[in-house]
Amino acid sequence: MEDSNEQQVERLTPFRYTAELATEIETRWQDIWDVNGTFDTPNPAGPLGDQAALDDRGEKLFILDMFPYPSGAGLHVGHPLGYIGTDVYSRFKRMTNHNVLYTMGFDAFGLPAEQYAVQTGQHPAITTNDNVANMRRQLRRLGLSHDQRRSISTTDPEYYRWTQWIFTQIFNSWYDTELKKARPINELIAEFESGKQSPTNGRVWAEMSDGDKRDCLDEYRLAYVSEAPVNWCPGLGTVVANEEVTADGRSDRGNFPVFKRNMRQWMMRITTYADRLIDDLELLDWSDAIKTMQRNWIGRSHGAHVDFDSAAGPITVFTTRPDTLFGATFMVLAPEHPLVDHLTTADQANSVAEYRAAAAAKNDIDRQDDTREKTGVFTGGTATNPLTGEQIPVWIADYVLMGYGTGAIMAVPCGDQRDFEFARTFGLAIPAIQQPPVDWFADREIEPSLDTSTWPEAFVGNAKYVNSANSSLDLNGLSSVSEAVAATNQWLEEQGYGQSTINYKLRDWLFSRQRYWGEPFPVVYDEDGHAHTLPDDMLPVVLPETDSFSPRTFDADDEHSDPESPLDRLSEWVNIELDLGDGLRTYRRDTNVMPQWAGSCWYELRYLDPTNAEQFVDPEVESYWMGPRTDVRPDHPGGVDLYVGGVEHAVLHLLYARFWHKVLFDLGFVSSKEPYARLFNQGYILANAFKDDRGIYVDAFSVEERDNAYYFEGNEVTREWGKMGKSLKNAVSPDEMYEAYGADTLRLYEMAMGPLDASRPWETRDVVGMFRFLQRLWRTMVVEETGELRALSETADDETRRLLHRTIDVVRTEMEALRFNTAIAKLIELNNHVTKVVNATNEIPREVAQAMVLMVAPLVPHIAEELWSKLGNTDTITYVGFPEAEPALLVDDEVEMPVQVKGKVRARVMVPADADERTITDIVLSDERVLEALDGADPSSLKKVIVVPGRMVNLVP
RNA sequence: GCCCGGGUGGCGGAAUUGGCAGACGCGGGGGGCUUAAACCCCCCUGGCUCGUAAGAGCCGUGCGGGUUCAAGUCCCGCCCCGGGCACCA
């Protein structure tokens, strides 16, 4: 009987590096690592403190992944891209004398976990635990070098106890605008009592009742309950934060419509930190793209508040261009503006009411989706332009948003495109107040003129001011916007018509959700409805058990439904008797839960000291791992040394976490002013997805390609790129890859396929290239027939040794810079060379074998451990020093230099490596092929001879 | 519309401060081993033209200009793709 191929291979080379052998090696080493606690990292103090171990390790380094939601679907090969990258880097750093903190937790509260639970009918605690366990298993199989002792889940009561504690700290703090930092609310009370400052509501502290004092303090707290317009999402049955609403007015989870509604909700006063959140971006080693997104989201703009007198009292507008006030010929208020009623005249009442009703019926999407046709109505009322003294008409229009600035604008049609369009539509005057430059007219192919009826659009920019003077202010003749703004602001402040100010797009953070699967608020309400946070010894407030954990959701379009928190139903839990210091009283619990983001706002801090029962983190431990590295640079803010994750958290998680961290910094709990000193955004793994003619995704693995077209079950389908995922029916699971090649090959392929920050398409058929490399590596050291270590020779030939050291040099540099793809290419080149040596001699030089194993160890740790032990070592390779290049071996005696004639390579000559320009020139100009290439030109009278030593020579005849 | 990225062989991608374009891998071709095949090993592989051949020449990094001895890299003007923001006063 004939053997199958596999049987033959098995019989002839039973110790070949196959998927089966890889799996055996990998699972065995994973067990050894676990048993030995190989990746346990010592702290300087506390429960995980170990001074002896700490002394053995070098400089500290905190490497962090954005932790995942433990989704029920499990991992596909796209998920661990970043994790493999951080693992390789962590392992490399351990080998270059660093004490590396590297672990992984689970962001297990929130909508996805809850929706999965609702889907399966299982309690979210059960499904979450299952999912976490499954994910731990999948990540372990990848060989990630996490310190398992430090892994947390946000759903552990021991963890969310501290999430609740931080909430109480925030609640019991206020922002001191003088010192520009958060302080305990008790210090504010002390200042009110001593008279050092007075409440901003204008009342006298000593004369206020206890209840009034509480109300007054609530105006200051960094966490507060407010009745405010919020985003109500009936489809999810909860309110959501601004950051969770997409540009087209839908929820980022579930894609349901979102409606603006006034509701009583918890808010976080993140706006008080707007300046610091923008300014401290300067201190961060983050990409400009992410910084820009944060800046845009916070949306700081410098301008002025200006009051326009009217019959209904002063109308305040915010403008960034007070210099254009002379051109303000009308005003526009948002339809919801409170002064509209008072301004509207009787004969305009009907049309105003009609317009306001129409605007109210539209949600934000429709208002923005508009074809940009300007609509609006005249209120009949007028206001006084403080600079010109003219009476100008007041309109309402939905292009002015109540949610930004003051909800009212002064319209300068000649200098603002929106106002220009509005004025054109309704035939309002457009006087020019600047003389646009000649070029501006030329570009628009019109004659220069101050008659704006010839202008196609508004003019925005620096230009000479005209018609801009009154008896006490004269801008005419100025030509820079900044000068004119300064002059106008000064005038406005002197005359009491306004003042320069800063406006932000950022709103306070809506912090409560009407869901079940989240952290309960550590808050109770007394009989007067005042909120009290619970003292430390009553934490955690454990999420109560219930079968009815699913929230009430509504028809997604039912704007007028009301949220109904699942916790509301648990009256036995809601109503309690407590002694909060003034005897046993009846209280009512808060029935909201915190948003998904709460747990991820501080998890990196808990990794530092995960088992500390006394504090959320020991300050000594925090300062060791996250304290400012002023030795690196004087303005280093402290924080995680390397944070790797996707760009999708640019404004959500990263903004919230920075805010919480800054509060904790202000209150003295942490020494770092930023949580993440360096951020690296990894790319995504993309995969082909295919749609049939109904636009439905078909199984990508059953699609056939013929003549540049794609077919599924005989029908042509269209190809598109997408993130890998279940919904696109193109997910490849890591288990398939383990089965075919093992985890080391998967790790290597993901690192080799491109730079870590680039998205790239997955190609299963390419994976085999990395598998072949590992097979060859294995074969250079292991005899496939016997499994024995190949014979070692004591010395390498000169060429091999030089190549080895050049490789070490490059691999170190590339690993350090997270360019694992190029490091791998160099290692393959070295291995290809070594394969030739081994083929010729049947032995491998010991120094080469050792260095190669050490260099691949961060990338493919299992095969490296196995080879390392075959080479006679008994200890793990994890903490062995990474090879260092011998500088003398990096320079050659002779180098080949290309010789160009007029920039084109015509010849190559060998020159001594240390030759200077003179010597090189002499050698080059006496070379036969060079003379030939010069084609008869006289080498002694060349126009130019450019010599870049070690690079090239260029001759210009 | 504005702000970020990006565009290099059949494919994924390499290329220090401007200095030999296409490293490495996949795919493709040829050879060796084998009764045969698979595995493995060795060689070739951007396009075009000329040459029996060794080889030689020309073109070539989205398009069009420019700077330079020299441009994938720098400058100007466009086109396309991906992402973010979007009536923000």
Side-chain angles (χ1 to χ4, degrees), chain A residues 2-6 8-9 12-13 16 18 247-248 287-293 295-297 299 301 303 317-321 324 332 367-370 372 374 397-401 403-412 415-419 421-422 503-505 647-648 650-651 681 683-684 686 721 748-749 752-755 757-770 772-773 775-776 779 784 813 819 821-829 832 835-836 839 896-905 908 942-948 950-957:
Chain A
E2 299 257 324
D3 281 358
S4 72
N5 292 336
E6 288 75 18
Q8 269 189 51
V9 168
L12 297 171
T13 54
R16 173 164 292 183
T18 58
D248 48 350
S287 72
D288 288 336
I290 298 270
K291 287 186 184 181
T292 305
M293 280 189 231
R295 281 195 198 100
N296 288 345
W297 188 265
S301 49
V317 303
F318 173 75
T319 174
T320 55
R321 292 290 303 277
T324 62
V332 187
R367 269 171 79 158
Q368 286 165 24
D369 251 19
D370 225 319
R372 299 195 174 208
K374 291 283 177 290
D398 62 8
Y399 79 93
V400 175
L401 308 173
Y404 182 78
T406 62
I409 62 158
M410 63 179 211
V412 183
D416 181 289
Q417 188 56 27
R418 292 155 304 180
D419 300 343
E421 286 167 21
F422 193 83
N503 192 52
Y504 303 91
K505 229 170 82 179
V647 71
E648 72 270 23
V651 287
N681 293 114
Y684 295 103
L686 308 174
W721 288 111
L748 197 58
Y749 172 65
M753 63 199 293
D757 56 357
S759 293
R760 49 316 234 326
W762 177 268
E763 280 292 353
T764 296
R765 70 174 182 182
D766 287 1
V767 179
V768 70
M770 292 303 113
R772 286 180 192 152
F773 165 51
Q775 275 191 330
R776 286 155 72 100
R779 197 180 301 119
E784 292 186 327
T813 313
R819 289 190 293 260
N821 53 329
T822 46
I824 292 166
K826 288 292 169 192
L827 288 166
I828 292 173
E829 274 180 273
N832 287 347
T835 296
K836 283 175 193 167
N839 284 347
E896 188 191 74
M897 281 182 70
V899 180
Q900 303 177 342
V901 176
K902 290 210 290 189
K904 291 190 189 285
V905 180
R908 289 162 207 283
L942 291 169
K943 256 191 234 153
K944 224 166 200 176
V945 178
I946 294 122
V947 179
V948 185
R951 282 264 171 221
M952 43 62 71
V953 176
N954 193 6
L955 309 174
V956 185

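Residue numbering restarts at 1 for every chain, and letters A, B, ... go by the order of the sequence lines. What you see is a predicted model; the values in this text were computed from it and never measured.
Side-chain contact between A/I409 and A/R418: absent, with no pair of heavy atoms (C-beta onward) separated by less than 4.5 Å. In this structure, the side chains of A/D416 and A/F422 stay at 4.5 Å or more apart for every pair of heavy atoms.
The side chain of A/R776 places an N or O atom within less than 4.0 Å of a non-bridging phosphate oxygen (OP1 or OP2) of B/C41. A sub-4.0 Å separation between OP1 or OP2 of B/A15 and a side-chain N or O of A/R951 is absent. In this structure, A/R295 does not reach the B/C85 phosphate: none of its side-chain N or O atoms is under 4.0 Å from OP1 or OP2.
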Below 3.5 Å is the cut-off: list the nitrogen or oxygen pairs between protein and nucleotides 67-71 of chain B, distance only.
| unit_1 | atom_1 | unit_2 | atom_2 | d |
| --- | --- | --- | --- | --- |
| B/C69 | OP1 | A/K944 | NZ | 2.8 |
| B/C69 | O2' | A/N954 | ND2 | 3.3 |
| B/C69 | O2 | A/N954 | ND2 | 2.4 |

Nucleotide N/O to protein N/O under 3.5 Å, stretch nucleotides 7-13 of chain B:
| unit_1 | atom_1 | unit_2 | atom_2 | d |
| --- | --- | --- | --- | --- |
| B/G12 | O2' | A/M753 | O | 2.9 |

Are there any protein N/O atoms within less than 3.5 Å of an N/O atom in nucleotides 55-60 of chain B, and if so, which ones and at what distance?
none

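With RNA chain B read from its 5' end, the first of the two nearest nucleotides for A/V651 and A/N832 is the one closest to A/N832. Take the nearest nucleotide of RNA chain B for A/K836 and for A/D288: the residue whose nucleotide is more 5' is A/D288.
Partners of A/T835 by side-chain hydrogen bond (donor to acceptor under 3.5 Å, both in side chains), not counting sequence neighbours: none found. In this view, A/Q417 and A/E421 satisfy the side-chain hydrogen bond (donor to acceptor under 3.5 Å, both in side chains) rule, not counting sequence neighbours. Under the side-chain hydrogen bond (donor to acceptor under 3.5 Å, both in side chains) criterion, A/N296 pairs with no residue, sequence neighbours left out. Scanning for side-chain hydrogen bond (donor to acceptor under 3.5 Å, both in side chains) contacts around A/N821 gives an empty result, with sequence neighbours left out. The ring pair (Phe, Tyr, Trp, His ring centres under 6.0 Å) search around A/F318 returns A/H305, not counting sequence neighbours. In this structure A/E648 satisfies the salt bridge (Lys or Arg N to Asp or Glu O under 4.0 Å) test with no other residue, sequence neighbours excluded. A/W297 meets the ring pair (Phe, Tyr, Trp, His ring centres under 6.0 Å) test with no other residue; sequence neighbours excluded. Residues satisfying the ring pair (Phe, Tyr, Trp, His ring centres under 6.0 Å) criterion with A/Y504, sequence neighbours excluded, are absent altogether.
Classified by its glycosidic torsion, B/G47 falls in the anti category, the angle being over 90° from 0.
Using atom C1' as the reference point in both B/U73 and B/U67, the two lie 14 Å apart (nearest Å). Spacing between B/G57 and B/C4 at atom C1', rounded to whole Å, works out to 44 Å. If you take atom C1' in B/G18 and the same atom in B/C69, they sit 12 Å apart, rounded to whole Å.
A distance of 9.0 Å separates CG in A/D419 from NZ in A/K374, rounded to the nearest 0.5 Å. Of the inter-residue distances, the one linking A/M410 atom CE with A/R321 atom CZ reads 8.5 Å to the nearest 0.5 angstrom.
For the pair A/K505 NZ and B/C2 P, the computed distance is 17 Å after rounding to whole Å. Rounding to whole angstrom units, CD of residue A/E784 and P of B/C33 are separated by 20 Å. Taking atom CD of residue A/E421 and atom P of nucleotide B/G1, one finds them 14 Å apart after rounding to whole Å. Between A/N681 atom CG and B/C4 atom P the separation is 17 Å, expressed in whole Å.
Shown here for A/P898 and A/R951, the closest heavy-atom pair between the two residues is CD-O, 3.1 Å. Closest non-hydrogen pair, A/A752 versus A/M770, comes out as CB-SD, 3.8 Å.
Of the candidate nucleotides B/C42, B/G84, B/A23, B/A23 has the atom nearest to the side chain of A/E829. In the set B/C42, B/C26, B/G25, the nucleotide with an atom closest to the side chain of A/T835 is B/C42. Distance from the side chain of A/L401 is smallest for B/C88 among the nucleotides B/G25, B/C88, B/C39. Checking B/C88, B/C40, B/C26 against every side-chain atom of A/R779, the shortest atom distance belongs to B/C40.
Using bins of under 30°, 30° to 60° and over 60° for the plane-to-plane angle, the ring pair A/W762/A/Y749 lands in the perpendicular bin.
Stems are defined here as 3 or more consecutive Watson-Crick or G-U wobble pairs with pairing distances under 3.5 Å; those involving RNA chain B are B:1-7 with B:79-85, B:10-12 with B:24-26, B:27-32 with B:40-45, B:46-50 with B:55-59, B:62-66 with B:74-78.
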